[in-house]
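Below: the structure, in C-alpha cells.
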Amino acid sequence: MIIEQGRPSHEVAKALGICIDTLRSCLKAAGAPSPGQADRQSRDAKRLRELEAENRVLRKKLEEAAA
C-alpha cells in the first residue's frame with residue numbers, strides 16, 4: 001500500500017489497525033524501504049510524473065507555436 005499505491009505510512013498503519021512501529025518491522029523484514037523512505041520515494045515519483053506531464057504539454061505547445 002505504501003510502495004505500490006503511494007499512501008502515507010501513518011495512513012496505512014491506521015487503516016490496518018497497527019502501530020507505525022509494527023509497520024516498520026514488517027517492511028524491514030520484507031526488505032522494503034522504511035516508511036519514511038517509502039513516503040519520500042512515492043512523493044518523488046509523483047512529482048516526477050507531474051513534471052513529465054508538464055514537459056509533454058510544453059513540448060506540444062512549443063511545436064504548435066513553431067508550426
Side-chain angles (χ1 to χ4, degrees):
M1 293 167 78
I2 295 169
I3 297 166
E4 293 178 10
Q5 298 174 5
R7 293 175 62 185
S9 55
H10 63 86
E11 181 183 301
V12 172
K14 185 176 180 180
L16 296 174
I18 60 174
C19 72
I20 193 72
D21 293 330
T22 302
L23 181 60
R24 285 188 183 117
S25 296
C26 292
L27 288 170
K28 185 176 181 180
S34 71
Q37 290 172 323
D39 289 345
R40 275 190 300 280
Q41 288 174 350
S42 72
R43 281 192 308 268
D44 290 348
K46 180 181 177 186
R47 182 67 179 139
L48 181 58
R49 288 189 304 273
E50 291 170 352
L51 290 171
E52 288 172 340
E54 181 181 359
N55 194 21
R56 283 190 299 275
V57 169
L58 292 173
R59 285 179 187 265
K60 184 176 181 179
K61 287 182 180 181
L62 184 60
E63 283 179 17
E64 291 171 358

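Because only heavy atoms are used, hydrogens play no part in the values below, and waters and symmetry mates are left out as well, while side chains stay in. Please read all numbers here as calculations on a predicted model, not as lab measurements.
- Between atom CZ of residue Arg56 and atom CG of residue Leu51 there is a gap of 10.5 Å, rounded to the nearest 0.5 Å.
- For Arg59, the side-chain contact (heavy atoms from CB on, under 4.5 Å) criterion is met by Asn55, not counting sequence neighbours.
- In this structure, Asp44 CG and Arg49 CZ are separated by 10.5 Å, a value rounded to the nearest 0.5 Å.
- For Ile20 against His10, the heavy-atom pair with the smallest separation is CD1-N, 4.1 Å.
- Using a 4.0 Å cut-off between a side-chain N of Lys or Arg and a carboxylate O of Asp or Glu, Glu50 and Arg47 qualify as a salt bridge.
- Atoms CG and CZ, on Leu48 and Arg43 in that order, are 14.5 Å from each other to the nearest 0.5 Å.
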